[in-house]
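Here's the structure we're looking at; comments come further down.
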Amino acid sequence: MRNESFSHWRSGIGRVGIATTAVVLFFGLSACQAAQPSSTTKGPISVGSIDDVSGGLSSIGQPKADAAKLAIKDINSNGGVLGRQLKLVAYDAQSDNTKYIQYANQLAQQDHVAVVEAGITSAAREAIRPILDSAQIPYFYSQLYEGGVCDANVFATGMVPSQQLAPMIPYATKHYGKTFTILAADYNFGHSEAVWAAKYIKQNGGTVVKTEFLSLDQTDFGSSINNLQRDKPSVVVSLLVGGNQMSFYKQFAAAGLSGTSHIISPTFGDGQEQLAIGAKATEGIVVANLYLQERTAAANSAFLKQWYAAYGKSYPYVTPSAVAVWNSWHLWAAGVNKAGSLDRAKVLAALQSGISYDGPGGKVTINGASHHVVQNVVVAEGTAEGNFRVLEVDNQVAPAFEESKCNLIKSPTTNTQYIPSN
Amino acid sequence: MKVDQFIVIMVSLLSSVSLLVIVSLGLALAFGMMGVINMAHGEFLMLGAYFTITAVNAGIVLPVAILISAIAMGGLGMVIERIVLRQLYGRIWATMLATWGLSLLIVGVVQLVFGTSSNGIPTPLSTIHLGGYMLSQYSLVLIALAGVLIATTYLVFARTPYGTMARAAASLPEMAAAVGINVSRVNMITFGIASALAGLGGGLLAPLSGVSPTFGQGYIGDAFMTVVVGGASPLLGASTASLLLGGIYAGVSNIVSPVAGTLALLLVSMLVLRFLPTGLTGLWRKARQ
C-alpha cells in the first residue's frame, strides 16, 4: 500500500517534471527567437546554406557547396559586409527533401542566419520556401529551374527557360531541323520545363513528335531509344536530371543515334555529366548556361585562379550553378552594403534597386520587379575531347517571362509560381 | 508493325532481361545459398564499375579491366565475409543492418577517394544496321554474356565438387560439417563468388552508364525485386524472374511508356508474391512435391 502510493507520488513528480521542462523549453526557445543575435549584434554575421553534398545529387551539389565557401572567403577578405565578417553555416541535405525542411528550420530558429542560399531541385525549393518566408529570412535560389517563382522573399539567380530554351531552340531549328522529341525527368521541374520547350518549339515553327517523362530511378532507356529510332526526330530536348538519367546519353550514343538526332539540353553539364559519361557520348550535345568553365574572358581567368588556389588545379569541373551560387552571395553582400543595415525591408529594397555584380560569366543584375537576374547566356557544344566549345554568347538576357508576369515592387505581397499556358 | 521494328523491340526486351540477370545474380546467390540479404549489393556493383573505369583509364583493355574488377570484388567479398558476415549467420536482421551500414561506408569512402564525378569510359564496339534501326553491339554482347553467366554458375554449383559442398553447406550445415566439409571456408568462397558476380556486373554496366558513388542505388531496387520474385533457388529464380520482369517492363515500355512499364513490373511482382509468397521457384518446388 505504501509502496503503491509512493509510486503514485513518484509518477506525479515525473509529470510535474515533464511539465516544468516543457515550460522552460518553451520560454527558453521563444527567448532565443526574440534575441536574433546575428542581425543585431556586433561580431560575425551568420549566413546559411544547404546543398546536396552527398546522395544522388552530389555531382551538382558539391561544386555549389565549394562555391559558397569560396564566395564567403572572398567577401570576408574584401572587408566583409557592413564592416563585419561573415560566418557560413552550411548543411548537407543528402539529396533528401525532408532534410531540407529540417535544416531550413534549424537555420531559422537556432543559427539565426541573416540570409539562406540553398536548394537544387524544385521540390526542395518548394519545401523550404514557406519556412524561410514565415521566418522572414531572404532566400537565394541559385539553380537553373522552370522559372516563374514570384515571392518578395526569394531571389533566383539561376537560368530560367526564357534565358536557356529561348536561344537553344531557334539554334536547333536553324542548324538541325524542325522535328523534336522531348525527354523529361518525371517531377515538377521536368513537367513545367517540357511545357516551355513545346512552347518555344511551336514559336520557332517546329513540331513535337513525342514527349516522354522518365522516372529519376530509371537506368534502362531501351524503349526511349527505340522510339527515337522509329520517329527519327532531328532534335532531342533532354530535360533529364541526376546520376541515373546520365545513362541515357551513353545508351543514345551506343545505339548510334548521334548520327541522326542532335541532343540539346538545359540541364546537361550542371551535374558534371560530361565527365561521367565520357567524351564519346558528350560530343555534339548543345547546352546553354550562364557560365562555362571553358570561357577565356579575363573575369573568368581571375575567378578560376582563385578557385584552383583553394581547391587544387585538378578540380573536376566548375559548374554553371556553382557560379550562380558565387553570384548570389556577392549580390546579397552588395545589397546589404547598399542598405547599410541587415534590416530585411531595407535589404530587400536595396536588392530591388537594380544591384549588379561583375561575375565570372559577366555582369549580373537583379531585375527588381521579378527578383530574377539579367545575365549573359553562353550557348555551347560538347566536343570530341569531352569539354565544351562556345557557339554563341548572348549578352544581358532578361528573364522575360518572369518580368512580364511578376511585379514585386508594385504588389509585394504576391506569393505564387507562374507557369506557362500551353 | 514492321519486321525491323519487331526485331529491335525483341532485342530491347532481351536486353532488359539480361540487365536484370547481370545486376541480380550475385544478390540471388548470396541469398539463395547462404540466406544473406546483402543490402550492400548495389555498392558492390558500384565498386565493380569504379574498379573497371579506373583500370580502363590506366590503359588496360575493357574485358581485362572487367575481369580484374570481378577478381578484386571477389577478394573483397571474402574479406567482408570473414570480418562481418560470419559473426551474423542465421541472424537475418542483423545481417541486413550490417550490410546496410557497409553500403553507407562504401559510398562515403568512394566519394572521398574519387569525388562526386568520375571519368566515364565510352561504350565499346559499334552498331549494327537493321532496316531503319541501329542496334548497339555491346547490348548484344551483354545478352550473350548473361546467358554465359547463368550457364557457368550452374556448372560451378551443379557439376564441381565445390558446388556440391556449397549446396550441402547451404542446406544442412551440421551434416555437412559432420562429413568433413569445412563449412566456414565454403561459405567464404560462396560469398566471394557472389561478390565477384556483383563486381563483374558493375564492370559490364560501367560502359553503359554514368558512374557515380550512388550508381548502385539505380540498380538495387530492380535487383531486389528480381530476387524476391524469383524465390530461394538462386539460378532458376533469378533467371525466370529476370525473364518475366524484364520482359514485362520492356514490352510495356515499348508499347505504352516507361512509366507504364515500371507500373506493370510492380503490379506483376505484387501478383506473383500474393499467390506465390515464396516466389516463382516456390511453384516449381510445389510441383515437384
Side-chain angles (χ1 to χ4, degrees), chain A residues 52-63 95 183 186 210 212-227 229-230 232 242-251 253-257 259-260 271-282 314-317 319 386, chain B residues 2 4-5 8-9 11-13 15-16 19-20 23 53 107-108 111 115-130 132-139 205 207-215 217-219 221-222 246 249-259 261-262:
Chain A
D52 301 297
V53 180
S54 52
L57 296 167
S58 57
S59 59
I60 307 175
Q62 184 68 58
S95 309
L183 298 178
D186 198 3
K210 192 168 176 68
E212 266 187 28
F213 294 100
L214 305 167
S215 149
L216 285 173
D217 304 326
Q218 199 168 328
T219 47
D220 175 3
F221 294 92
S223 66
S224 307
I225 301 285
N226 289 345
N227 289 336
Q229 302 225 31
R230 184 194 61 209
K232 296 190 171 47
N244 295 330
Q245 296 197 337
M246 278 191 236
S247 307
F248 166 76
Y249 301 106
K250 272 197 137 155
Q251 293 171 24
L257 275 164
T260 49
Q272 312 172 51
E273 281 87 351
Q274 75 279 20
L275 302 179
I277 67 169
K280 191 179 157 195
T282 298
S314 61
Y315 196 87
Y317 194 72
T319 55
Chain B
K2 280 185 253 159
D4 55 350
Q5 193 187 358
V8 164
I9 289 182
V11 170
S12 104
L13 216 114
S15 159
S16 294
L19 284 177
L20 285 184
V23 300
I53 60 171
V107 172
Q111 190 163 337
T116 52
S117 62
S118 60
N119 285 318
I121 52 172
T123 315
L125 308 173
S126 81
T127 51
I128 296 173
H129 286 262
L130 191 94
Y133 290 84
M134 278 178 289
L135 289 170
S136 152
Q137 289 175 354
Y138 189 68
S139 20
L205 292 173
L208 268 189
S209 343
V211 179
S212 65
T214 53
F215 173 88
Q217 289 167 18
Y219 295 97
D222 289 344
Y249 171 74
V252 177
S253 296
N254 272 295
I255 296 163
V256 191
S257 73
V259 176
T262 310

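Source: prediction; values computed, not measured. In what follows, every chain begins at residue 1, and chains take the letters A, B, ... in the order their sequences are listed.
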Give me the atom names and distance for the closest heavy-atom approach of B/Gln111 to A/Ser58.
NE2-CB, 3.9 Å
Any donor-acceptor pair under 3.5 Å from A/Lys250 side chain to B/Leu208 backbone
no
Is A/Leu214 close to chain B through its backbone or its side chain, or both, or neither, when contacts mean heavy atoms under 4.5 Å?
side chain
When A/Thr219, A/Leu257, A/Asn227, A/Leu216 are compared by non-hydrogen pairs under 4.5 Å with chain B, the top option
A/Thr219
Would you check if the side chain of A/Lys280 reaches a backbone N or O of B/Thr123 as a donor-acceptor pair within less than 3.5 Å?
yes
Okay, side chain of A/Glu212, backbone of B/Ser257: is any donor-acceptor separation there less than 3.5 Å?
no
Within a strict 4.5 Å, meaning less than it, do heavy atoms of the B/Pro258 and A/Ser215 side chains meet?
no
Could you look at B/Tyr138 and say if it's the side chain, the backbone, both or neither that has a heavy atom under 4.5 Å from chain A?
neither
Identify which part of A/Asp217 has an atom lying under 4.5 Å from any heavy atom of chain B, answering side chain, backbone, both or neither.
backbone
Which answer fits A/Ala253, side chain, backbone, both or neither, if we ask what part of it has an atom under 4.5 Å from a heavy atom of chain B?
neither
Please classify the contact between B/Ser15 and chain A as side chain, backbone, both or neither, with a heavy-atom cut-off of under 4.5 Å.
neither
Output the option from B/Thr127, B/Val107, B/Leu205, B/Asn254 having the highest count of non-hydrogen pairs under 4.5 Å with chain A.
B/Asn254
